[in-house]
Structures are given as C-alpha cells and as structure tokens.
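Read through the structure below, which is laid out as structure tokens, and then see the notes.
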Number of protein chains: 2
Amino acid sequence: MSAFSTAATGGRKKRGEGHTRREEILQAAKELFLEQGYDSTTIRKIADRVGVSAPALYLYFQDKEQMMLALCDQTFGHLIDSIDEIEKSVAEPRDRIRQFGEAYLRFGLKHPDEYRLIFLGSNVPESVRKVGHRMPTDDPTRPGVNGSIVFQRLVSVLVEAEASGLKLNYPADTCAELCWMGMHGLASALILKPEFPWSNRDLLINGMLDMVLKGIIRDT
Amino acid sequence: MSAFSTAATGGRKKRGEGHTRREEILQAAKELFLEQGYDSTTIRKIADRVGVSAPALYLYFQDKEQMMLALCDQTFGHLIDSIDEIEKSVAEPRDRIRQFGEAYLRFGLKHPDEYRLIFLGSNVPESVRKVGHRMPTDDPTRPGVNGSIVFQRLVSVLVEAEASGLKLNYPADTCAELCWMGMHGLASALILKPEFPWSNRDLLINGMLDMVLKGIIRDT
DNA sequence: AAGATAACTTATCGACGTTAAGTTAACGGC
DNA sequence: GCCGTTAACTTAACGTCGATAAGTTATCTT
C-alpha cells in the first residue's frame, strides 16, 4: 500500500493516454517539491507517489530539472493572469504601478514555496533559478520563460504610464528594474524569514511601495 | 602529480600542525566553491586539491556544510571590516547611511560568488543560506553569525543618525529593513545576471541609493 | 491471430556524502 | 635508541542519488 496522492491513479495507462501520466508526475513532483524542497525530492519519491518505477519518469521528462521548469511556467501563468486583470481594471498610471507591485507581492506571499523555489533558489539548478529573470532574447519556445514575461509587462506598464503624461525619474526600463528590485527584496525577505521579528509587516509593505513610487516617479 | 593549488603542501603534517591542514582545506574549498559552485564541489575534489584522501577532511570538519559556514564567516568578516572603517571616517548621518549601502553593494560586487553562495543560495543547504539574515537571537558562538552582525550594524547606524537629529519616515528598524531589502535587490540582480542588458549600471546603483534614502529619510 | 509499439520494469552504472576500521609516523619518556 | 601513545592519515565500504540500457507487458491495428 503506497502513499496516497491526488496524482496516483493505479495501473498502467492505455495507449495514447501517456499525457495523463505526465500530468500525474507533475502533480506529485509539485507536492513533493513544496513539501520537501528540490534536493530532498528524489526521482524515486516522485515515482513512488505516482505509483510507477523511477525510470518511467524519463519517458515524459528529459530529467528532474525539466519537471521543475514545467512547474515554474505553470505557476507564473497564474501571476500573468492577475497582471492581465489589473491592466483591464485599473487605468490611473500611479495606481497601476502600485497595484502591479502589490500583485507581485501578493503572488509571492500566496505561493511562498513556489516563490522560494523559483527566486530564492532552494537548491534548484542554476537554469531553474534563472526562470524568474531570464533574458528577453531567450528562445521563447523552451520551458521556463513565463517568468521573464512578467518583467516585460512591468516595462510596458511604465512605458504606457509615461506616454499618458507621468514623469519618471529615469528611463522606463531603469524604473522597471528599480521597481522589481525593491519588490523582490521585500518579497524574498518576508518569505524567507517569516519568523524574523519584522518591525511591522504592513508598514514594510506600504513603506516599500511608497519608496519605490517616490523613487521612480518625479515629484510634482 | 596532483592539481596545483595555493592549498597543497605535500606530505603528512607533523604532530600539532593539523590546524594548518584545516586552513589548506578551507582554501581549497573556497577556490572550488567559487569556481564550480556548491553542488559541483565534491568532498573528493577538495581532498584531491589539498592532496589528501576524502575522509581526511572529516578530521577537521563535521561535514561539507560546516566548511561552507566557516567560509561565510570569513568572508563576512571583511564586510564588517569595511563597515568599521566607514563608521570611523564618516560622521554626517546621511553620508553614513549612503556609504553603508554602498559598502554593502561594493562587497557584493567585489565578491559576487560569495554573495551568490550566501544570499542567493546556489544550491547550498538551508542553514548556509540563512547566514545572511540569521535571527539576532541565534547562538553567537556557532559558525555563520557574521552575516547577522552586518544587519545589526545598519540598525545601529540608523539609531545613531536619529539620535543626532535626522528625521526618519519610520522606526529605525523598519528603515533598516527597507534599506537592506533595496540594496539586496540591487546586488542580487547585478550579480545574478551580469549579462542582462541592464539599462545603465551606474544609474541603477545611484537610483537605488537615492530611492532608499528618499524612502526612509523625511523630506526637509 | 500477428505484428507493431506505447508503456512500462528490472538491472545496473558511476558518483555522491559519509562512516568504520585499519595503518603510518611523529613525539615524550625512559 | 627503543617504546608506547596517539595525531594524522588511508583503504574499503555503505546506502542513496540521477540516469541509462535492455528487456517485458499490454494494448492497439490489421
């Protein structure tokens, strides 16, 4: 009697249904990565949870790293969704920028383990850690590019804000970089050290958002 | 004929000179960690470079992790030194804070690999990644506490600045946290992605310093 | 019924961190 | 000068890891 999981379905798949096995593997891998981290999640543990032998995973993934990359893309897809929502519903440039930062932070706080795995590199290979800030020129067909799309969106928001009359202290791309650096610093600190005696969590969040906006938007 | 290194010294140590072997191991481990990262640096590679067998390392270190922690403390010692220098030579509060941030950044850019290993967790165990932001209450006698001392110093600088009349937007500890978050965001971005088409490196550095100071120091 | 082949398993590889147990060489005391 | 003690090592081995090779089973097509 093996471990229960939403991923396990029992016996051998019928022909042409291998893709469902692939999804089961991803589900089990995600559970284990979040429960135990990257290193402790072994190929054999994933296989056990799915209910197949370890080498069976290599029918669906090139290696362990590709499983992680697939999960990263999946998770970042959710962040991109909430960004879309903001762009639709918020028009005022300042609010957009602030809510964009808030969405990024909310995403991090809502998925702390994924964020840790992706941005804080909990023992993941270098290629996985780069998913969150991949170069724009990278091949968009390979897995792990959703992370860079998020940054591109921030640049777009700032460019549009500038076009609609907002004065920035620096070029839009510089401002986007400064904004991301600040929000990432905040998110990583709160996530990595939830037990740290932070002075005041809400004060930090609003302080950082104020700091970023003050830093990139010209005083009027 | 084994690989050359500043660490290798040839034959067996005389009695009572085991501590020199310990330093050779640290030197070799540092070289290899920086050249190849944590995971790729195996016990056997370190031992080869030193010129001893792999188990010999366990005479001087409990495990691989303790080697890394010892190196972290050593490296952070250098940052603490430069902080001391600033506190001695710079009196004006604003300058002190700015130079403190600059020193942190300079440290990161000068030792990008150490910074990566310590703060960006290049596959190091969790305990090592925590060295850079360990809780103040942790046992100060165990290895890996130098990192937290740096943060304590920043708080002190801000408290003294406040005492000497500077007005802060938030309590000193909150300001210290915001400052660290910003500088860490900057450092990690520049270090982790040196090949990224950053808009302008100097602009980013000065932009972040301005942003942080504007964010924590009340307008006059 | 008979291939063809998707979906698997068993066996195995080399490398890893680490431990156990044995060996060698340098020293103080006689 | 030899001797016991013990610091400073070595060789051998264990269990686990990610990954591969080669063989097996079951489902589908014809």
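Residue numbers begin at 1 in each chain, while the letters A, B, ... track the order of the sequences. Excluded from the calculations below are hydrogen atoms, water molecules and symmetry mates; all remaining heavy atoms, backbone and side chain alike, are included.
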Could you pull out the protein-nucleic contacts involving nucleotides 26-30 of chain C (nitrogen or oxygen on both sides, under 3.5 Å)?
unit_1, atom_1, unit_2, atom_2, d
C:dA26, N3, B:R15, NE, 3.1
C:dA26, N3, B:R15, NH2, 3.2

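Nucleotide C:dT18 holds its P atom 13 Å from the CZ atom of B:F61, rounded to whole Å. At whole-Å resolution of the value, CG in A:L57 and P in C:dT10 are 14 Å apart. Residue B:Q66 contributes atom CD, which lies 15 Å from atom P of C:dG17 at whole-angstrom precision. Whole-Å rounding puts the B:K45 NZ to C:dG14 C1' distance at 14 Å. Protein atom OH of A:Y58 is 17 Å distant from nucleotide atom P of D:dA22, rounded to whole Å. The distance from atom CG of B:D48 to atom C1' of C:dC16 is 14 Å, rounded to the nearest whole Å. A straight line from NZ of A:K64 to P of D:dT16 spans 16 Å, rounded to a whole angstrom.
Heavy atoms of A:L59 sit under 4.0 angstrom from at least one base atom. Note on A:T20: nothing from the nucleic acid sits closer than 4.0 angstrom, heavy atoms only. Within the nucleic acid shown, A:S53 comes within 4.0 Å of at least one base atom, counting heavy atoms only. Residue-level contact check: B:S40 touches neither bases nor backbone, having no heavy atom under 4.0 Å from any strand. Among the atoms of the strands shown, only primed sugar atoms or phosphate atoms (P, OP1, OP2) are found under 4.0 Å from some heavy atom of B:Y60.
Comparing D:dA19, C:dC16, C:dT18 by their closest approach to the side chain of B:T42 singles out C:dC16. In the set C:dA11, D:dG18, D:dC9, D:dG18 carries the atom at the smallest distance from any side-chain atom of A:R44.
In DNA chain D, stems built from 3 or more consecutive Watson-Crick or G-U wobble pairs, each with both distances under 3.5 Å, span C:1-30 with D:1-30.
Screening B:R22, B:Q27, B:R21 against B:E24 for a side chain to side chain donor-acceptor pair (under 3.5 Å) leaves a single residue, B:R21.
Contact of the B:V150 side chain with the B:L154 side chain is not registered, since no non-hydrogen atoms from C-beta on lie closer than 4.5 Å.
Among residues two or more places apart in sequence or in another chain, the side-chain hydrogen bond (donor to acceptor under 3.5 Å, both in side chains) test is passed with A:K30 by none.
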